[in-house]
There are 2 protein chains.
Amino acid sequence: MRAALRTGEVAALAGVNIQTLRYYERRGLLTEPIRSTGGHRLYPPDTVALLTVIKAAQRLGFTLDEVADLLDTGRRHPTPDLRRRAIDKIAEIDARIADLTAIRHTLTEVVEAHCDSLTNCTCPDCPLPFATLAVPADPA
Amino acid sequence: MRAALRTGEVAALAGVNIQTLRYYERRGLLTEPIRSTGGHRLYPPDTVALLTVIKAAQRLGFTLDEVADLLDTGRRHPTPDLRRRAIDKIAEIDARIADLTAIRHTLTEVVEAHCDSLTNCTCPDCPLPFATLAVPADPA
DNA sequence: GGTAAGCCTGTACCTGGGTACCGGATGCAA
DNA sequence: TTGCATCCGGTACCCAGGTACAGGCTTACC
């Protein structure tokens, strides 16, 4: 273990807040690093890459709990877990896009009709009273 | 004003929680209703319709602050405000959909490559090291 | 060895949109 | 008039993903 990094160095290199490192440690995303004699954390250099992976996984739509899970199982042995979760996540995204598309459609109607009030619209054929979009199914 | 409604009646008819009514009052979405001699709220019957409008606007992607604003300006006089905000909201939605589409694309790569670990993927040509999606521009 | 920058723990706070609980007061019907 | 359902205000809590602050210790450099 050469060139262990201090909290501030890891944070700067990974572009995250120092508090975030401790938060991730509490959440189980980062394993507890060794400490200096005085109690300061000393991180292995690949922690920076790990943080990049975490951020990428977050960007892919995984929650921190899911990322912690994936890191945990993936560290021990290869599993089809990641692939399965990615498939689920794609389904979630498709549902979300469909929902946004429906909302977008209603908004364009509002724009095209020149609506001027939520409650007292004076435009002819106002779409607003019909803007009762169905609540999307909760994927949870 | 005939048949004023009590809190619980409005809540049941509109399908919202009683606490939500008081919350909306605090947030300025509902004007303070008259009170009974004992201090209980007595709502005009069209409050139920107003709540439906609020819920619809929320579904269209407007925050409660924006809805409060829209209700406020739209109540006083017709304005192009709603239309303008709807146009902005469509742009936000388009950005969000584009972002989700990029994420979806990376996820399909993960699925197709049969990735089995976030950090130690054994699949050939693993896309994960390249899964550093750009952070989307903050529309705020 | 001095001193400033950095790090420690613990706790509180932030956003947005609500929800829950408490002790006490009211409303309404029999 | 009694009894139960409902409502009152105030405060605290929920979710996720962090961020901030206070008061005290450590490390690094001159």
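By convention in this document, chain letters (A, B, ...) are assigned in the order of the sequence lines, proteins followed by strands, and residues within each chain are numbered from 1.
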* Structure fact -> Regarding the side chain of A:Asn17, the nearest nucleotide among D:dG10, D:dA20, C:dG18 is D:dA20
* **Closest listed nucleotide, where the reference is the side chain of A:Tyr24 and the choices are D:dG18, C:dC8, D:dC7** => D:dG18
* Looking only at side-chain atoms of A:His40, point me to the closest of D:dG10, C:dG18, C:dC8. => C:dC8
* Candidate nucleotides C:dC21, D:dG18, C:dG27, ranked by approach to the side chain of B:Gln19 - the nearest -> C:dC21
* To do: Provide, to the nearest angstrom, the distance between the CG atom belonging to A:Asp65 and the C1' atom belonging to D:dG18.
  => 14 Å
* Asked: From the list D:dT27, C:dG18, D:dC7, which nucleotide is the closest neighbour of the side chain of B:Arg6?
  -> D:dC7
* **Any B:Lys55 side-chain N or O less than 4.0 Å from OP1/OP2 of C:dG18** => yes
* Any idea which of D:dC7, C:dG18, D:dG10 is nearest the B:Thr7 side chain? -> D:dC7
* Length of the line joining A:Arg22:CZ and D:dG18:C1', which is rounded to integer Å -> 12 Å
* **4.5 Å side-chain heavy-atom contact, A:Tyr23 and A:Leu64** => yes
* Asked: Within this structure, what is the CD-to-C1' distance between A:Glu66 and D:dA16, rounded to whole angstrom?
  -> 12 Å
* Structure fact -> Picking from C:dT19, C:dT26, D:dT27, the nucleotide nearest the side-chain atoms of A:Thr37 would be D:dT27
* Structure fact -> When rounded to whole Å, the CZ to C1' distance for the pair A:Phe62 and D:dA16 reads 17 Å
* Using atom CZ of A:Arg41 as one end and atom C1' of D:dC25 as the other, report the distance to the nearest whole Å. => 14 Å
* To do: Would you mind reporting whether A:Asp94 and B:Arg104 have side-chain heavy atoms less than 4.5 Å apart?
  => yes
* Asked: Looking at D:dG17, D:dT6, C:dT9, which one has an atom nearest to any side-chain atom of A:Arg35?
  -> C:dT9
* Asked: Choosing from C:dC7, C:dT19, D:dG9, which nucleotide comes nearest the side chain of B:Arg26?
  -> C:dT19
* Do A:Val67 and A:Tyr24 have side chains that get closer than 4.5 Å, going by heavy atoms? -> no
* OH of B:Tyr43 versus C1' of D:dC7: gap in Å, rounded? -> 11 Å
* To do: Starting at atom CG of B:Leu51, determine the distance to atom C1' of C:dG17, rounded to an integer number of angstrom.
  => 14 Å
* A:Arg83 side chain to B:Val111 main-chain N or O, any donor-acceptor pair under 3.5 Å? -> yes
* Is there a donor-acceptor contact under 3.5 Å from the side chain of A:Lys89 to the main chain of B:Leu107? -> no
* Is the distance from OP1 or OP2 of D:dG18 to the nearest side-chain N or O of A:Gln58 less than 4.0 Å? -> yes
* Within a strict 4.5 Å, meaning less than it, do heavy atoms of the B:Arg6 and B:Ile18 side chains meet? -> no
* Asked: A:Glu25 CD to C:dT9 C1': how many Å, rounded?
  -> 12 Å
* Nucleotide of D:dG17, D:dC8, D:dC7 approaching B:Ile18 most closely (side-chain heavy atoms) -> D:dC7
* Asked: Reckon B:Ser36 has a side-chain N or O less than 4.0 Å from the OP1 or OP2 of C:dG27?
  -> yes
